Amino acid sequence: MNLADKAYIRTLTVSVRRGEECGDVTGLLLETYFGRYTLNRDAREVWQLIDGHRPVRAIAELVAEARGLEPDEIYALVEELCRQLLELELLEPA
Amino acid sequence: MPEKLEVFAPSVVVLTEQPRVLQPPDLTLDGILGRFPGLAEAKALCITGSTAAGWGNPYSDIDLFAFSDNECELPIDDSVETWRNEDMSGLKRQNWMGRYGDALVDLKIWPTDAPRQALAPFLGGLKPEMTGASYIVQDFIYRMSIARPLFGEDFFTDVRELIASSTYRGALARQLKMIAENRLNDVVGQLRAGDMLGARATSMVAAAHIADCCLVMASDLCRGEKWLLRRMERTPSAGIDVCQYCAEVLDGPRSGESYGDCARRIADWVRTTIARVESAVLT
């Protein structure tokens, strides 16, 4: 499945807490009814750009620009993260 | 172009995975005592909250209230948090929150005199104008009023009679009516100041409070804002029809109606409702 041109949004059942709660001050803790998941700093940067409007490719471009990287260098990593978040039902199609 | 930083390596780590399908837990006494054997020593045990009200859903906590003057041994595992707290009136409770099958249980253990303690300001001829009770106490009284006993039936019957014989219901209704009236006063001020946005929002707050007042007068003591429409449906004797409330209050401005006119219309509905119930509320 190619996610590049698709936009996603967090599912309604997700609560997001600061990473301090699980010992990573730069990351995030995501909670659902039973589920608990941690995002590291890089994943947090992606998560915070997921807004229901930006396609995955645009998110990769923004992260790349902020990091001084070429989008193609990180696109596959951003797409894989989004795929995992979808699989875990932390994201859904917008 | 920003300077290149270290390697970009986003990751998600699963600490606990959310089950795809949630199976409802066994809410029989045997099932619950299987998870909480120590509760067998309590004087009384009930299910309360949305499950007892019939309003539960797959994400609802299972609310259990136990009454005991002795320490009950409770299970401890990775899903469990326990703590104790005390309301400003001195009402104490022990809390246990954790997993039971595919549900979260919110268990509270209260001393056996907790109902009498919570209702003390409203018993023995005392008739305060307003409740003055904290949210914890108000919520406790409501949850006791709808408790579904698992054992200790007589205890819950006595508590229901205590609630009915107390002056709590009237005090709470008077407080809600006063808040509705204060909000109406705000609406008038906002309209005079040309604050149509404020007036529209405030008129809806006034409506929610007078609806709550009517429900409390009809002995529906629920304190959760999210249940307002379900309460109207459950308690028709409150005299507020769900469809009418939605049409008058929640549906917003009608075709061609300004925000200010919408606020005036809702405020009219509120004061008509106040007039309908005022005599009973002030008795």
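Every chain is numbered from 1 and lettered A, B, ... according to where its sequence line falls, protein lines coming before strand lines. Note that the coordinates shown come from a computational prediction; the quantities given were computed from them, not determined experimentally. Because only heavy atoms are used, hydrogens play no part in the values below, and waters and symmetry mates are left out as well, while side chains stay in.
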Given A/T38, A/T13, A/L88, the one with more heavy-atom pairs under 4.5 angstrom with chain B than any other is A/T38
Honestly, the part of B/P58 sitting under 4.5 Å from a heavy atom of chain A is backbone
Taking CD in B/E86 as the centre, count heavy atoms belonging to other residues, nucleotides or ligands within less than 6.0 Å. Is the count above 12? yes
Quick one: of A/L29, A/L28, A/T32, who has the most non-hydrogen atom pairs under 4.5 Å with chain B? A/T32
Could you look at A/L77 and say if it's the side chain, the backbone, both or neither that has a heavy atom under 4.5 Å from chain B? both
Is the closest side-chain heavy-atom distance between B/E17 and A/Y37 below 4.5 Å? yes
Shortest non-hydrogen contact between A/E87 and B/R20, atoms and distance: O-NH2, 2.6 Å
Measure the spacing between OH of A/Y33 and CG of B/D102 and express it to the nearest 0.5 Å. 8.5 Å
Can you check whether A/E73 reaches B/F8 side chain to side chain, under 4.5 Å on heavy atoms? no
For the CG atom on B/D78, are there more than 12 heavy atoms of other groups (residues, nucleotides or ligands in this structure) within a distance under 6.0 Å? no
